[in-house]
Amino acid sequence: MTGRVTVEICLDDLAGVRTAAEAGADRIELCSALGDGGLTPSIGTVAAALGLAGSLGVNVLVRQRPGDFVFDADELAAMVADIHAMRALPNPHGVPLAFVVGALRPDGTVDAPATRALVTACGEAQVTFHKAFDQTPDRSAALETLVSLGVTRVLTSGGAPNVVEGTASLSSLVAQADGRITVLAGGGVRAANVAALVRETGVREVHLRAAVRTPSASLATSAYDRGSRDTTSGALVAEVVAAVREVAA
(Lines give C-alpha, C1' and ligand atoms only; values in the text may rest on other atoms or scores of the structure.)
Protein backbone atom coordinates (compact mmCIF):
# COMPACT_ATOMS: atom_id res chain seq x y z
CA MET A 1 0.00 0.00 0.00
CA THR A 2 1.46 3.33 -1.03
CA GLY A 3 0.37 6.95 -1.02
CA ARG A 4 -0.37 9.57 1.56
CA VAL A 5 -3.02 8.93 4.20
CA THR A 6 -5.14 12.00 4.90
CA VAL A 7 -5.54 13.05 8.54
CA GLU A 8 -8.65 15.09 9.40
CA ILE A 9 -9.03 16.75 12.80
CA CYS A 10 -12.46 17.48 14.23
CA LEU A 11 -12.49 20.67 16.32
CA ASP A 12 -14.58 23.53 17.61
CA ASP A 13 -11.82 25.81 18.90
CA LEU A 14 -10.44 28.43 16.52
CA ALA A 15 -6.97 28.14 17.98
CA GLY A 16 -7.16 24.49 17.03
CA VAL A 17 -7.13 25.42 13.34
CA ARG A 18 -3.60 26.74 13.60
CA THR A 19 -2.63 23.94 15.99
CA ALA A 20 -3.81 21.26 13.55
CA ALA A 21 -1.96 22.89 10.67
CA GLU A 22 1.30 23.21 12.60
CA ALA A 23 1.06 19.57 13.74
CA GLY A 24 0.85 18.32 10.16
CA ALA A 25 -2.86 17.58 9.68
CA ASP A 26 -4.27 17.72 6.17
CA ARG A 27 -7.80 18.86 6.88
CA ILE A 28 -10.16 19.91 9.66
CA GLU A 29 -13.82 19.37 10.30
CA LEU A 30 -14.94 22.69 11.74
CA CYS A 31 -17.84 22.47 14.18
CA SER A 32 -19.39 24.19 17.16
CA ALA A 33 -20.74 22.54 20.32
CA LEU A 34 -18.92 19.23 20.07
CA GLY A 35 -20.30 18.51 23.54
CA ASP A 36 -23.66 18.15 21.78
CA GLY A 37 -22.21 15.99 19.02
CA GLY A 38 -21.31 18.99 16.85
CA LEU A 39 -23.41 21.76 15.31
CA THR A 40 -22.99 24.31 12.53
CA PRO A 41 -20.33 26.91 13.42
CA SER A 42 -21.17 30.58 13.03
CA ILE A 43 -20.47 32.37 9.77
CA GLY A 44 -17.83 34.46 11.55
CA THR A 45 -16.11 31.33 12.82
CA VAL A 46 -15.98 29.87 9.31
CA ALA A 47 -14.58 33.13 7.94
CA ALA A 48 -11.91 33.19 10.64
CA ALA A 49 -10.99 29.57 9.98
CA LEU A 50 -10.53 30.26 6.29
CA GLY A 51 -8.04 32.97 7.27
CA LEU A 52 -6.15 30.69 9.66
CA ALA A 53 -6.14 27.44 7.71
CA GLY A 54 -3.05 27.93 5.58
CA SER A 55 -2.73 24.74 3.53
CA LEU A 56 -5.44 22.89 5.48
CA GLY A 57 -8.70 21.89 3.88
CA VAL A 58 -11.72 23.14 5.83
CA ASN A 59 -14.76 20.88 5.98
CA VAL A 60 -17.64 22.60 7.75
CA LEU A 61 -20.24 20.64 9.66
CA VAL A 62 -23.78 21.70 8.77
CA ARG A 63 -26.17 20.44 11.45
CA GLN A 64 -28.91 22.79 12.56
CA ARG A 65 -29.62 21.30 15.98
CA PRO A 66 -28.59 18.50 18.35
CA GLY A 67 -30.51 15.26 18.64
CA ASP A 68 -31.70 13.02 15.84
CA PHE A 69 -30.95 13.44 12.15
CA VAL A 70 -34.58 13.59 11.00
CA PHE A 71 -34.99 17.18 9.83
CA ASP A 72 -38.18 19.03 8.96
CA ALA A 73 -38.54 21.39 6.01
CA ASP A 74 -37.61 24.52 7.99
CA GLU A 75 -34.48 22.91 9.44
CA LEU A 76 -33.42 21.70 6.01
CA ALA A 77 -33.96 25.16 4.52
CA ALA A 78 -31.83 26.69 7.28
CA MET A 79 -28.98 24.27 6.52
CA VAL A 80 -29.18 24.97 2.81
CA ALA A 81 -29.04 28.70 3.57
CA ASP A 82 -26.00 28.19 5.82
CA ILE A 83 -24.17 26.39 3.02
CA HIS A 84 -24.92 29.17 0.53
CA ALA A 85 -23.76 31.81 3.02
CA MET A 86 -20.49 29.98 3.70
CA ARG A 87 -19.76 29.45 0.02
CA ALA A 88 -20.20 33.21 -0.48
CA LEU A 89 -17.51 34.09 2.09
CA PRO A 90 -14.29 35.68 0.86
CA ASN A 91 -11.61 33.04 0.44
CA PRO A 92 -8.59 34.95 -0.86
CA HIS A 93 -6.14 32.15 -0.10
CA GLY A 94 -8.16 29.55 -2.00
CA VAL A 95 -8.59 27.26 1.01
CA PRO A 96 -10.42 24.08 -0.05
CA LEU A 97 -13.89 24.52 1.49
CA ALA A 98 -16.16 21.50 1.79
CA PHE A 99 -19.19 20.47 3.83
CA VAL A 100 -20.25 17.72 6.20
CA VAL A 101 -23.95 16.87 6.16
CA GLY A 102 -26.38 14.06 6.85
CA ALA A 103 -30.10 13.41 7.04
CA LEU A 104 -32.05 10.27 7.88
CA ARG A 105 -35.64 9.10 7.66
CA PRO A 106 -37.44 8.00 10.85
CA ASP A 107 -36.61 4.37 10.02
CA GLY A 108 -32.88 5.19 9.95
CA THR A 109 -32.40 4.98 6.20
CA VAL A 110 -30.74 7.83 4.31
CA ASP A 111 -33.18 10.66 3.55
CA ALA A 112 -32.29 10.89 -0.13
CA PRO A 113 -34.35 14.01 -1.00
CA ALA A 114 -32.97 15.98 1.97
CA THR A 115 -29.42 14.82 1.30
CA ARG A 116 -29.79 15.67 -2.39
CA ALA A 117 -30.88 19.21 -1.46
CA LEU A 118 -27.82 19.61 0.75
CA VAL A 119 -25.45 18.20 -1.87
CA THR A 120 -26.95 20.48 -4.51
CA ALA A 121 -26.45 23.51 -2.24
CA CYS A 122 -22.76 22.59 -1.94
CA GLY A 123 -22.25 23.06 -5.68
CA GLU A 124 -18.80 21.89 -6.70
CA ALA A 125 -17.60 21.61 -3.09
CA GLN A 126 -16.88 18.15 -1.75
CA VAL A 127 -19.46 16.62 0.58
CA THR A 128 -18.96 14.23 3.50
CA PHE A 129 -21.93 12.32 4.92
CA HIS A 130 -21.32 12.28 8.68
CA LYS A 131 -21.65 9.51 11.25
CA ALA A 132 -25.42 9.43 10.96
CA PHE A 133 -24.39 6.76 8.45
CA ASP A 134 -23.65 4.41 11.34
CA GLN A 135 -27.30 4.56 12.43
CA THR A 136 -28.54 3.17 9.12
CA PRO A 137 -29.95 -0.37 9.33
CA ASP A 138 -28.21 -1.49 6.12
CA ARG A 139 -24.88 0.25 5.62
CA SER A 140 -24.23 -1.47 2.32
CA ALA A 141 -27.48 -0.12 0.87
CA ALA A 142 -26.84 3.28 2.45
CA LEU A 143 -23.43 3.45 0.80
CA GLU A 144 -24.99 2.85 -2.62
CA THR A 145 -27.52 5.60 -1.94
CA LEU A 146 -24.74 8.04 -1.09
CA VAL A 147 -22.83 7.10 -4.24
CA SER A 148 -25.96 7.77 -6.33
CA LEU A 149 -26.36 11.19 -4.66
CA GLY A 150 -22.82 12.26 -5.53
CA VAL A 151 -21.49 12.31 -1.96
CA THR A 152 -17.68 12.48 -1.88
CA ARG A 153 -16.99 10.57 1.33
CA VAL A 154 -18.64 8.95 4.32
CA LEU A 155 -17.45 9.24 7.93
CA THR A 156 -17.90 5.92 9.72
CA SER A 157 -16.60 3.51 12.31
CA GLY A 158 -18.29 0.69 10.41
CA GLY A 159 -21.32 0.89 12.67
CA ALA A 160 -19.25 -0.16 15.68
CA PRO A 161 -18.52 1.85 18.85
CA ASN A 162 -15.02 2.56 17.49
CA VAL A 163 -12.83 1.87 14.48
CA VAL A 164 -10.98 -1.01 16.16
CA GLU A 165 -14.21 -2.94 16.70
CA GLY A 166 -15.41 -1.88 13.27
CA THR A 167 -12.31 -3.04 11.37
CA ALA A 168 -14.03 -5.86 9.47
CA SER A 169 -16.99 -3.68 8.53
CA LEU A 170 -14.72 -0.84 7.42
CA SER A 171 -12.75 -3.24 5.23
CA SER A 172 -15.99 -4.39 3.59
CA LEU A 173 -17.12 -0.82 3.00
CA VAL A 174 -13.79 0.10 1.39
CA ALA A 175 -14.08 -2.90 -0.93
CA GLN A 176 -17.67 -2.05 -1.80
CA ALA A 177 -16.84 1.62 -2.39
CA ASP A 178 -14.19 0.60 -4.92
CA GLY A 179 -13.06 4.19 -5.41
CA ARG A 180 -16.57 5.54 -6.07
CA ILE A 181 -16.77 7.16 -2.63
CA THR A 182 -14.10 7.63 0.05
CA VAL A 183 -14.44 5.85 3.38
CA LEU A 184 -13.24 8.20 6.14
CA ALA A 185 -12.59 6.15 9.26
CA GLY A 186 -13.44 7.91 12.51
CA GLY A 187 -14.23 6.98 16.07
CA GLY A 188 -11.45 6.21 18.51
CA VAL A 189 -8.59 6.78 16.06
CA ARG A 190 -5.33 7.14 17.96
CA ALA A 191 -1.62 6.88 17.24
CA ALA A 192 -1.54 3.41 18.80
CA ASN A 193 -4.13 1.94 16.41
CA VAL A 194 -4.08 4.02 13.25
CA ALA A 195 -1.31 2.14 11.43
CA ALA A 196 -3.04 -1.21 11.91
CA LEU A 197 -6.36 0.40 10.93
CA VAL A 198 -4.95 1.64 7.63
CA ARG A 199 -3.20 -1.65 6.85
CA GLU A 200 -6.14 -3.90 7.75
CA THR A 201 -8.99 -1.91 6.19
CA GLY A 202 -7.44 -0.09 3.25
CA VAL A 203 -8.83 3.28 4.35
CA ARG A 204 -6.82 6.22 3.05
CA GLU A 205 -8.42 8.90 5.25
CA VAL A 206 -8.77 9.01 9.05
CA HIS A 207 -10.65 11.37 11.35
CA LEU A 208 -10.19 12.13 15.03
CA ARG A 209 -10.92 14.56 17.81
CA ALA A 210 -7.48 15.27 19.30
CA ALA A 211 -8.80 16.81 22.48
CA VAL A 212 -7.07 17.83 25.67
CA ARG A 213 -8.62 19.49 28.72
CA THR A 214 -7.44 23.08 29.09
CA PRO A 215 -7.96 25.13 32.28
CA SER A 216 -10.30 28.07 32.02
CA ALA A 217 -8.73 31.47 31.43
CA SER A 218 -11.24 33.02 33.81
CA LEU A 219 -10.65 33.38 37.53
CA ALA A 220 -14.39 33.79 38.11
CA THR A 221 -16.65 30.75 38.41
CA SER A 222 -20.14 30.39 37.03
CA ALA A 223 -22.66 27.83 35.83
CA TYR A 224 -21.31 28.41 32.30
CA ASP A 225 -17.71 27.54 33.11
CA ARG A 226 -16.74 24.12 34.50
CA GLY A 227 -13.19 25.32 35.01
CA SER A 228 -11.80 23.71 31.87
CA ARG A 229 -12.69 23.04 28.26
CA ASP A 230 -11.63 20.81 25.40
CA THR A 231 -9.08 22.22 22.99
CA THR A 232 -7.03 20.68 20.19
CA SER A 233 -3.78 18.99 21.19
CA GLY A 234 -0.95 19.50 18.74
CA ALA A 235 0.91 16.60 20.35
CA LEU A 236 -1.94 14.14 19.72
CA VAL A 237 -2.31 15.34 16.14
CA ALA A 238 1.41 15.02 15.49
CA GLU A 239 1.50 11.49 16.91
CA VAL A 240 -1.24 10.31 14.55
CA VAL A 241 0.32 12.09 11.59
CA ALA A 242 3.67 10.45 12.30
CA ALA A 243 2.05 7.03 12.60
CA VAL A 244 0.24 7.23 9.27
CA ARG A 245 3.26 8.67 7.49
CA GLU A 246 5.20 5.55 8.51
CA VAL A 247 2.52 3.38 6.89
CA ALA A 248 2.74 5.36 3.66
CA ALA A 249 6.54 5.35 3.58
Side-chain angles (χ1 to χ4, degrees), residues 8-17 19-20 25 27-53 56-89 95 97-106 108 110-111 114-115 117-122 125-136 146 151-157 184 186-189 207-214 216 223-226 228-233:
E8 177 180 281
I9 305 300
C10 181
L11 54 83
D12 61 4
D13 58 319
L14 264 180
V17 179
T19 298
R27 191 171 66 218
I28 62 168
E29 180 188 352
L30 182 66
C31 312
S32 68
L34 281 171
D36 287 322
L39 298 175
T40 309
S42 71
I43 196 76
T45 298
V46 178
L50 291 175
L52 293 169
L56 285 175
V58 176
N59 287 13
V60 182
L61 175 65
V62 181
R63 182 183 179 213
Q64 197 273 331
R65 56 159 175 77
D68 62 62
F69 301 104
V70 182
F71 298 109
D72 65 27
D74 291 332
E75 292 166 339
L76 179 61
M79 291 188 287
V80 167
D82 280 337
I83 293 169
H84 285 310
M86 292 172 193
R87 289 180 60 204
L89 285 170
V95 173
L97 176 65
F99 298 95
V100 182
V101 304
L104 301 178
R105 295 184 180 279
V110 174
D111 186 337
T115 303
L118 293 166
V119 171
T120 298
C122 293
Q126 293 191 355
V127 180
T128 299
F129 194 94
H130 55 51
K131 285 201 76 183
F133 177 83
D134 284 342
Q135 294 186 16
T136 60
L146 298 182
V151 172
T152 311
R153 68 178 55 83
V154 57
L155 173 61
T156 177
S157 57
L184 171 61
V189 171
H207 166 106
L208 66 146
R209 172 78 172 112
V212 63
R213 294 301 290 179
T214 300
S216 172
Y224 304 102
D225 184 358
R226 295 175 295 175
S228 64
R229 63 188 178 93
D230 282 341
T231 60
T232 302
S233 165

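Ala125 and Ala98 get closest at one heavy-atom pair: CB-CA, 4.3 Å. Across all their heavy atoms, Ser228 and Arg213 have their closest contact at OG-NH2, 2.7 Å. Here the shortest heavy-atom pairing between Leu146 and Phe133 reads CD1-CD1, 3.9 Å. Counting all heavy atoms, side chain and backbone alike, Thr19 lies closest to Thr232 at CG2-O, 3.6 Å. The two residues Val58 and Ala49 make their nearest non-hydrogen contact at CG2-O, 4.5 Å. What you find for Pro41 and Val46 is that their closest heavy atoms are CG-CG2, 3.8 Å.
Taking the side-chain hydrogen bond (donor to acceptor under 3.5 Å, both in side chains) definition, one finds that Ser42 meets it with Thr45, sequence neighbours left out. Judged as a ring-ring contact (aromatic ring centres under 6.0 Å, His included), and not counting sequence neighbours, the contacts of His130 are Phe69. For Val212, the side-chain contact (heavy atoms from CB on, under 4.5 Å) test picks out Thr214, Thr231, Ser233, with sequence neighbours left out. For Asp111, there are no side-chain hydrogen bond (donor to acceptor under 3.5 Å, both in side chains) partners at least two apart in sequence or on another chain. Phe71 is linked by a ring-ring contact (aromatic ring centres under 6.0 Å, His included) to nothing, counting only residues two or more places apart in sequence or in another chain.
The side-chain heavy atoms of Leu39 and Pro66, taken from C-beta on, include a pair separated by under 4.5 Å. The shortest distance between side-chain heavy atoms of Val80 and Leu118 falls below 4.5 Å. Within the 4.5 Å cutoff, side-chain heavy atoms of Leu89 are placed close to those of Leu50. Leu56 places none of its side-chain heavy atoms less than 4.5 Å from the side chain of Val95. Between Leu208 and Ile9, the closest side-chain pair of non-hydrogen atoms falls below 4.5 Å. Side-chain atoms of Met86 and Leu30, non-hydrogen and from C-beta on, never get closer than 4.5 Å to each other. With a 4.5 Å cut-off on side-chain heavy atoms, Asp230 and Leu34 do not count as touching. Between Val101 and Arg63, every side-chain heavy-atom pair lies at or beyond the 4.5 Å cut-off.
Note that CD1 of Ile28 is 8.5 Å distant from CG of Asn59, once rounded to the nearest 0.5 Å. Taking CG from Leu155 and CZ from Phe129, the interatomic distance works out to 10.5 Å, rounded to the nearest 0.5 Å. Atom CG of residue Asp13 and atom SG of residue Cys31 lie 10.5 Å apart, to the nearest 0.5 angstrom.
Between Arg27 and the options His207, Gln126, Glu8, a side-chain hydrogen bond (donor to acceptor under 3.5 Å, both in side chains) holds for only Glu8.
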>> Assess the residue pair Leu14 and Leu52 against the criterion (side-chain contact (heavy atoms from CB on, under 4.5 Å)); give the C-alpha distance rounded to whole Å, side-chain angles, the decisive distance to 0.1 Å, and a yes or no.
In response: CA-CA 8 Å; Leu14 264 180; Leu52 293 169; 4.1 Å; yes
>> Between Glu29 and Leu11, does the side-chain contact (heavy atoms from CB on, under 4.5 Å) criterion hold? Intermediate values first, please.
In response: CA-CA 6 Å; Glu29 180 188 352; Leu11 54 83; over 6 Å; no
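Applying the side-chain hydrogen bond (donor to acceptor under 3.5 Å, both in side chains) rule to pairs touching residues 70-82 yields Arg65-Glu75, sequence neighbours excluded.
Heavy atoms of other residues, nucleotides or ligands lying less than 6.0 angstrom from CZ of Arg229 number 12 at most.
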